[in-house]
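Reading through the structure tokens given below for one structure.
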There are 2 protein chains.
Amino acid sequence: MFSKACEYGIRASIFIAEQSLLDRKVSLKDVAEAIESPSAYTSKILQRLSKSNIINSDKGPTGGFSMDKSELEKVKLSSIVYAIDGDTVYNGCGLGLKRCNADKPCPVHNQFKVIRDELKKMLETTTVKTLAMDFEKGLTFLKR
Amino acid sequence: MFSKACEYGIRASIFIAEQSLLDRKVSLKDVAEAIESPSAYTSKILQRLSKSNIINSDKGPTGGFSMDKSELEKVKLSSIVYAIDGDTVYNGCGLGLKRCNADKPCPVHNQFKVIRDELKKMLETTTVKTLAMDFEKGLTFLKR
DNA sequence: TTTATATTGGATATTATTGTCCACTATTTA
DNA sequence: TAAATAGTGGACAATAATATCCAATATAAA
Ligand code: FES
Ligand code: FES
């Protein structure tokens with residue numbers, strides 16, 4: 001569904017968001033431990049998220065990663081997925097033809113469209129804030 | 001969503017099914033050309049489908065690949081996906097945790113479950129025969 | 001202004017996936 | 001039974017994705 005990089009990206013964002021709700025900055029190490037991911041690889045992903053203005057990053061001592069509490073509910077899953085995996089989820093064809101194209105549809109186009117529209121809707125209506133709040137409450141897990 | 005191998009596998013199955021409806025066996029070359037795939041790689045995939053009893057293969061001159069017309073409507077997309085990609089579509093976690101597990105859910109588990117159930121339903125109710133018939137009518141395309 | 005800390009960015013390594021090559025086997029037909 | 005044909009299987013190659021290493025940069029605090 002998503003690339004591994006994207007999965008890490010979403011998990012990292014949720015963790016950073018949750019900690020930001022508690023007014024805490026987190027270090028790369030914190031993130032990697034919280035989501036159980038290889039830290040150097042995670043670093044690259046956080047850079048992408050930072051450049052896409054999804055998270056903030058500050059260098060130096062007292063530095064770390066954070067998200068603006070006020071903007072938290074504006075960050076949708078779709079932004080994160082787009083920042084890391086691009087638009088393949090939105091425009092890719094289920095059977096691997098160049099692009100999904102309703103004018104020259106692949107055999108599963110109609111069936112696939114239903115799923116993808118559902119997925120789009122989910123990505124565009126789910127905010128990182130709500131996911132972070134559930135995580136904060138201990139209802140969900142970022143590692144196992 | 002699916003691996004490239006799986007995409008080729010589905011496309012190949014639809015082509016073989018369509019030709020079988022017309023009582024024609026097809027060669028590896030035929031398949032590769034019809035679905036625009038690398039033929040040696042496609043060969044491996046057809047072997048997997050053959051071993052999973054989804055398609056028939058016959059050696060020697062007059063050999064080739066085919067599907068039993070009578071069993072065609074029993075072949076669901078889910079069988080093909082399972083034969084090639086295994087059960088990751090069914091049991092994988094949307095955020096990459098070891099396995100999807102409702103008892104210790106990842107943050108998107110509930111949202112993801114909706115999508116996956118829809119996908120499952122689609123894979124389990126779509127038969128290769130109907131896809132092949134639409135393709136036969138020129139309504140859909142296996143390459144572009 | 002020195003030191004310590006934390007992210008950044010580039011190079012490189014590893015692994016999985018995708019793709020190729022070729023000799024071998026089975027089978028049909030002449 | 002010889003020759004031609006078509007799939008099989010194993011080894012190998014190329015590419016993409018994932019992961020690591022380390023020197024450089026920025027910044028805060030002493
Ligand atoms: S053309 Fe394949 S999914 Fe739309
Ligand atoms: S636990 Fe992640 S999708 Fe179910």
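Per chain, numbering begins at 1; letters A, B, ... match sequence-line order.
A pairwise comparison of heavy atoms in A:I55 and A:L46 identifies CD1-O, 3.5 Å as the closest pair. Closest approach of B:F112 and B:G92 over heavy atoms only: CE2-O, 4.1 Å. Heavy atoms only, all atoms of each residue included: A:K129 and A:E73 are closest at NZ-OE1, 3.5 Å. The two residues A:P107 and A:L95 have their closest heavy-atom pair at CD-CD1, 3.8 Å.
Residues of residues 11-27 of chain B having a heavy atom closer than 4.0 Å to DNA chain D, listed by number: B:V26, B:S27. Of the residues in residues 49-61 of chain A, those placing a heavy atom less than 4.0 Å from an atom of DNA chain D are A:K59, A:G60, A:P61, in numerical order.
Atom NZ in B:K4 sits about 15 Å away from atom P in D:dT15, given to the nearest Å. Per the geometry, CG belonging to B:D30 stands 9 Å off P belonging to D:dA6, to the nearest Å. For B:R48 and D:dG10, the CZ to P distance is 14 Å, given to the nearest whole Å. The CE-P distance, from A:M1 to D:dA17, rounds to 17 Å in whole Å. Rounding to whole angstrom units, OH of residue A:Y41 and P of C:dA13 are separated by 18 Å. Between the CG atom of B:L28 and the C1' atom of D:dA6 there is a distance of 9 Å, rounded to whole Å. Computed from coordinates, the A:Y8 OH to D:dA17 P distance equals 15 Å when rounded to whole Å. Between A:I45 atom CD1 and C:dT8 atom C1' the separation is 15 Å, expressed in whole Å.
B:S43 comes within contact range of at least one nucleobase, with a heavy-atom separation under 4.0 Å.
In the interface, the side chain of A:K44 is paired with the base of C:dG10 through a donor and an acceptor atom under 3.5 Å apart.
Scored by the side chain to side chain donor-acceptor pair (under 3.5 Å) test, B:D117 finds B:K113 as partners (sequence neighbours excluded).
Positionally, the nearest nucleotide of DNA chain D for A:S37 lies more toward the 5' end than for the other of A:S37 and A:T62. Nearer to the 5' terminus of DNA chain D, by closest-nucleotide assignment, is the contact made by B:L46 (compared with the other of A:A40 and B:L46).
Between B:I115 and A:M122, some side-chain heavy-atom pair lies under the 4.5 Å cut-off. Residues B:T140 and B:L131 fail the side-chain proximity criterion, which asks for heavy atoms closer than 4.5 Å.
The phosphate of D:dG7 has neither OP1 nor OP2 within less than 4.0 Å of any side-chain N or O from B:Q47.
Between atom CZ of residue A:F2 and atom CG of residue A:L123 there is a gap of 5.0 Å, rounded to the nearest 0.5 Å.
A:S13 places a side-chain N or O within 3.5 Å of a backbone atom of A:G9 that can act as its donor or acceptor partner.
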